[in-house]
Asker: 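Quick one: this structure, given as structure tokens, is what I'll be asking you about.
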Number of protein chains: 4
Amino acid sequence: MRIDGAAGDERRVEPARAAIVRAATELFLAHGFQATGTDRIAAAAAVSKQTVYNQFGDKRSLFAAVVLGVTATAEAYGAELTATLGAVERREDVGPALRRLAHRWASAVLGPNVLAVRRLVVAEAARFPELAAEYHRRAPGATLRTVADGLARLAGRGLVEVDDPERTASDLAFLLFGAELDRALFHPDAPGPDERRIDELVDHALRVVGLG
Amino acid sequence: MRIDGAAGDERRVEPARAAIVRAATELFLAHGFQATGTDRIAAAAAVSKQTVYNQFGDKRSLFAAVVLGVTATAEAYGAELTATLGAVERREDVGPALRRLAHRWASAVLGPNVLAVRRLVVAEAARFPELAAEYHRRAPGATLRTVADGLARLAGRGLVEVDDPERTASDLAFLLFGAELDRALFHPDAPGPDERRIDELVDHALRVVGLG
Amino acid sequence: MRIDGAAGDERRVEPARAAIVRAATELFLAHGFQATGTDRIAAAAAVSKQTVYNQFGDKRSLFAAVVLGVTATAEAYGAELTATLGAVERREDVGPALRRLAHRWASAVLGPNVLAVRRLVVAEAARFPELAAEYHRRAPGATLRTVADGLARLAGRGLVEVDDPERTASDLAFLLFGAELDRALFHPDAPGPDERRIDELVDHALRVVGLG
Amino acid sequence: MRIDGAAGDERRVEPARAAIVRAATELFLAHGFQATGTDRIAAAAAVSKQTVYNQFGDKRSLFAAVVLGVTATAEAYGAELTATLGAVERREDVGPALRRLAHRWASAVLGPNVLAVRRLVVAEAARFPELAAEYHRRAPGATLRTVADGLARLAGRGLVEVDDPERTASDLAFLLFGAELDRALFHPDAPGPDERRIDELVDHALRVVGLG
DNA sequence: AATGAATGAGTATTCATTCAT
DNA sequence: TATGAATGAATACTCATTCAT
């Protein structure tokens with residue numbers, strides 16, 4: 001039996017490839033693709049520049065690895081988001097569950113990490129069109145589909161009335177965080193909404209969309 | 001870098017300065033800020049590089065002039081947008097007028113020009129935070145306020161029921177084009193929605209927001 | 001009337017482009033194409049690296065300019081080579097004239113300058129196939145054709161018996177300097193043949209080819 | 001850098017060393033010395049880069065091994081070339097035997113392999129002067145001497161009249177393939193002469209040199 | 001003897017900006 | 001005000017060679 005101290009050993013021998021992705025993710029998110037030199041990535045990963053090129057071939061491929069790596073966490077998160085809906089049994093539990101879901105959703109999308117990734121990918125969309133499309137499909141798209149599925153299941157069990165779950169999910173999304181998201185894209189330094197503001201957004205959006 | 005936009009001397013027709021702004025606008029929108037060299041701007045404006053620097057000081061100020069120049073047309077457009085609401089006299093005219101307004105609004109926001117500007121400004125928001133904020137205030141913000149004012153006037157005349165015009169305008173906006181706008185940011189080459197799709201978006205958004 | 005001190009002024013204001021070609025020619029001939037960095041070329045021309053790129057676009061184009069520039073002098077030289085044949089009037093003048101021509105020819109081809117150019121172009125023939133072919137056509141090819149023409153004119157005037165002037169010129173050439181040329185390509189540092197050796201080569205070649 | 005060529009240990013079959021030389025020969029001939037990286041050599045030999053360095057010390061020594069390895073086959077070939085002359089008994093057999101010899105000689109020298117080696121060695125002559133000289137001595141030089149010896153033996157037996165066998169061999173060589181060889185150096189992609197052309201070259205060269 | 005990574009200098013090329021004419 | 005060149009730092013990427021495992 002191995003206790004497997006992987007977590008503990010990561011300080012010592014983090015595999016080069018992972019270290020590069022981590023460093024590049026941080027730097028790309030902080031300064032953008034173009035403004036981040038390969039020298040600095042290598043230095044931040046405590047790795048030689050040559051190793052970067054051995055592992056990724058060129059800077060573009062490294063960028064793709066970074067962006068797709070980020071989507072992996074987004075995908076995992078999406079499923080967790082709607083798990084709360086599964087436990088709903090009675091009509092009066094629906095409201096609180098939806099409020100929790102909406103709150104988490106807005107918090108995540110308007111959190112600094114997701115905003116930074118969106119800015120990064122949008123900024124490079126012209127130079128990486130396929131990557132941008134793939135990101136959109138995998139991250140916000142997947143979450144939207146997951147929420148729509150959750151609504152459809154609730155509707156199937158008669159706990160909620162939703163004609164078009166995809167559209168309702170989309171309406172909910174953009175009523176929730178559309179304005180804030182748009183604002184945030186243009187205000188990279190401004191802090192996101194606080195908890196009270198999110199609560200207020202949640203109540204309003206659910207009401208408008210007919211789920212409140 | 002100066003963000004003062006249109007200065008007082010512009011009444012004297014200065015072809016050089018205008019030509020530079022026009023050429024730079026085109027190139028920045030097409031290829032982005034970083035990928036557009038000053039050489040090419042000067043060449044496209046049929047002007048010497050020195051003239052570019054005499055007129056604008058540096059590339060950043062030229063960028064600011066370009067972005068703020070674009071907002072001028074956006075501001076002019078905003079007022080025109082809600083003019084149709086002013087002519088409304090009877091309750092049964094409200095629906096068609098709102099539909100026309102929403103259609104124009106969505107068409108403009110989802111048109112290639114506005115999308116290109118948004119991508120450009122978002123891409124450079126980290127390097128030009130004040131400019132990005134200013135753009136957001138002047139272009140989408142101004143339009144939103146204008147629409148809110150229009151709704152408020154209608155409500156004041158009893159033609160429509162709107163509690164919070166600002167919020168209603170915002171909800172309408174993001175129900176209308178939130179999803180499409182988000183999609184477009186990540187798909188720089190994809191064509192925008194066609195007329196039928198916009199009609200459908202308009203009907204849906206107005207209904208959800210209680211104005212349809 | 002202008003005395004035109006072009007020659008005297010060349011120290012002061014040699015046009016950038018010419019200076020670059022001169023420096024690049026010298027360096028390419030001395031160290032080869034790949035081993036000569038653009039930095040050094042710019043430094044040797046007392047010119048900024050940017051000027052090199054403004055003038056020639058890239059290193060390959062500069063190389064082409066160098067090689068073709070060299071052929072210009074080769075072409076001019078070819079005509080001068082056979083001028084001596086034009087003055088021949090009597091049968092007994094033919095021998096000395098041909099000997100002079102052959103001597104000059106061998107001296108030129110086996111001189112350090114021509115050898116260096118040949119090595120340079122051959123070394124890069126794989127990377128610049130069209131340029132190498134063009135060089136061969138313009139420099140040794142042109143000289144060969146000029147000599148053949150000279151022989152044909154002599155034959156036309158009955159001063160010499162030559163059936164196939166092209167072939168005779170070619171035979172003469174490679175009997176004259178074929179072996180030495182081959183040797184020199186593989187001995188970049190060895191001195192060329194001295195005058196006596198060239199005289200001997202000339203006598204032998206003319207005899208074998210039937211013109212001695 | 002060592003220029004000692006085949007060392008004593010080669011009787012023990014060392015697949016690694018041989019594989020490296022073979023791969024390097026192929027790559028150097030195809031792309032030149034500078035354009036061939038050690039990574040690719042190691043990969044093509046299915047060997048680690050470290051093994052390359054263990055076996056050869058550095059890239060220059062590997063290059064020397066490659067070039068001298070090639071000369072080994074050239075030397076073996078030279079003797080075979082003149083074997084046909086040994087069988088000549090009568091005066092009327094001399095002509096056909098010389099024609100066969102000349103044909104084989106020209107075919108070999110103008111074949112793609114020999115041309116590629118010549119280009120390679122000439123291209124690097126400035127950086128490897130001793131190696132280039134050694135190659136010239138061992139490959140074309142040895143063949144020339146062998147042919148001269150063959151002519152001398154024929155002359156000694158009264159089958160042919162040759163005053164200076166070395167010079168006659170040299171004249172024959174450059175009348176045969178001097179022009180084609182020169183052309184080929186500058187036309188790396190052009191195909192060599194076909195059989196008929198070689199026959200024609202042989203007849204002409206033997207006639208001019210007085211052996212036809 | 002092999003592997004993956006490190007090293008560190010080097011490559012061509014581009015950029016925004018400024019100077020002299 | 002226009003032109004051509006200068007500046008000087010920065011870019012991504014490659015190379016031969018060596019070290020540790």
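Just so it is clear: chains get the letters A, B, ... in the order the sequence lines come, proteins before strands, and each one is counted from 1.
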Asker: Quick check against the 3.5 Å criterion: does T25(B) have a side-chain atom that pairs as donor or acceptor with the backbone of V21(B)?
Answerer: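 Side chain of T25(B) to backbone of V21(B): a pair is present.
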Asker: Roughly how many Å is it from CZ in F56(B) to P in dT18(E), rounded to a whole number?
Answerer: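 Taking atom P of dT18(E) as the reference, CZ of F56(B) is at 16 Å.
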Asker: For V117(B) and V67(B): C-alpha separation, side-chain torsions, deciding distance, then whether side chain to side chain contact (heavy atoms under 4.5 Å, CB included) applies.
Answerer: CA-CA 8 Å; V117(B) 176; V67(B) 170; 5.5 Å; no
Asker: Pick the nucleotide of DNA chain E nearest each of D58(C) and V47(D); which residue has the one closer to the 5' end?
Answerer: V47(D)
Asker: Can you give each donor-acceptor pair under 3.5 Å made by side-chain atoms of residues 123-136 of chain C, sequence neighbours left out, with the distance rounded to 0.1 Å?
Answerer:
from, atom 1, to, atom 2, distance (Å)
E124(C), OE1, R127(C), NE, 3.0
E124(C), OE1, R127(C), NH2, 3.4
E134(C), OE1, R137(C), NH1, 2.4
E134(C), OE2, R138(C), NE, 2.7
E134(C), OE2, R138(C), NH2, 3.2
H136(C), NE2, D182(D), OD2, 3.3

Asker: According to salt bridge (charged side-chain N to carboxylate O under 4.0 Å, His left out), does anything in residues 18-30 of chain B pair up with another residue at least two apart or in another chain? List the pairs.
Answerer: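 Residue pairs with at least one partner in residues 18-30 of chain B: there are none.
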Asker: Counting only pairs under 3.5 Å, give me each side-chain donor-acceptor contact of residues 36-44 of chain B, with atom names and distances, residues two or more places apart or in other chains.
Answerer:
from, atom 1, to, atom 2, distance (Å)
T36(B), OG1, L27(B), O, 3.3
T36(B), OG1, G32(B), O, 2.6
D39(B), OD1, K49(B), NZ, 3.1

Asker: Scan nucleotides 19-21 of chain E against the protein and return all N/O pairs shorter than 3.5 Å with their distances rounded to 0.1 Å.
Answerer:
from, atom 1, to, atom 2, distance (Å)
dC19(E), N4, Q50(B), NE2, 2.3

Asker: I want to confirm an ordering. Mapping K59(A) and N54(C) to their closest nucleotides on DNA chain F, which one lands closer to the 5' end?
Answerer: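 Residue closer to the 5' terminus by nearest nucleotide: N54(C).
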Asker: For H187(A), I'd like to know if atom NE2 has over 12 heavy atoms of other residues, nucleotides or ligands within 6.0 Å.
Answerer: yes
Asker: Which residues in residues 28-42 of chain C have at least one heavy atom lying under 4.0 Å from any atom of DNA chain F?
Answerer: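 Heavy-atom contacts with DNA chain F come from no residue of residues 28-42 of chain C; none.
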Asker: Map G57(B) and Q55(A) onto DNA chain E by nearest heavy atom, then report which one ends up closer to the 5' terminus.
Answerer: Q55(A)
Asker: Which residues satisfy the side-chain contact (heavy atoms from CB on, under 4.5 Å) test with D58(C), sequence neighbours excluded?
Answerer: R60(C), S61(C)
Asker: If I take atom CG from residue L62(C) and atom CD from residue Q55(C), how far apart are they, to the nearest 0.5 angstrom?
Answerer: 10.5 Å
Asker: Testing the basics here: between F28(D) and L120(D), what is the closest heavy-atom pair and its distance to 0.1 Å?
Answerer: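 Minimum heavy-atom contact is O-CD1, 3.6 Å.
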Asker: Can you list the stems that include DNA chain F, where a stem is three or more consecutive Watson-Crick or G-U pairs with distances under 3.5 Å?
Answerer: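 The stems that DNA chain F takes part in, listed by first number, are E:2-21 with F:2-21.
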Asker: Can you tell me how far P of dT7(F) sits from OH of Y53(C), to the nearest Å?
Answerer: 17 Å
Asker: Of the options dA9(E), dA6(F), dA10(F), whose atoms approach the side-chain atoms of K49(A) most closely?
Answerer: dA9(E)
Asker: Can you pull out the residues from residues 120-131 of chain A that lie within a 4.0 Å heavy-atom distance of DNA chain E?
Answerer: none
Asker: Under the side-chain contact (heavy atoms from CB on, under 4.5 Å) rule, collect the residues that match up with Q50(D), sequence neighbours excluded.
Answerer: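 Listed in chain order: S48(D), Y53(D), N54(D).
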Asker: Roughly how many Å is it from CG in L27(C) to P in dT11(E), rounded to a whole number?
Answerer: 13 Å
Asker: If the condition is side-chain contact (heavy atoms from CB on, under 4.5 Å), which residues does V122(B) pass it with, not counting sequence neighbours?
Answerer: R119(A), V122(A), L185(A), F186(A)
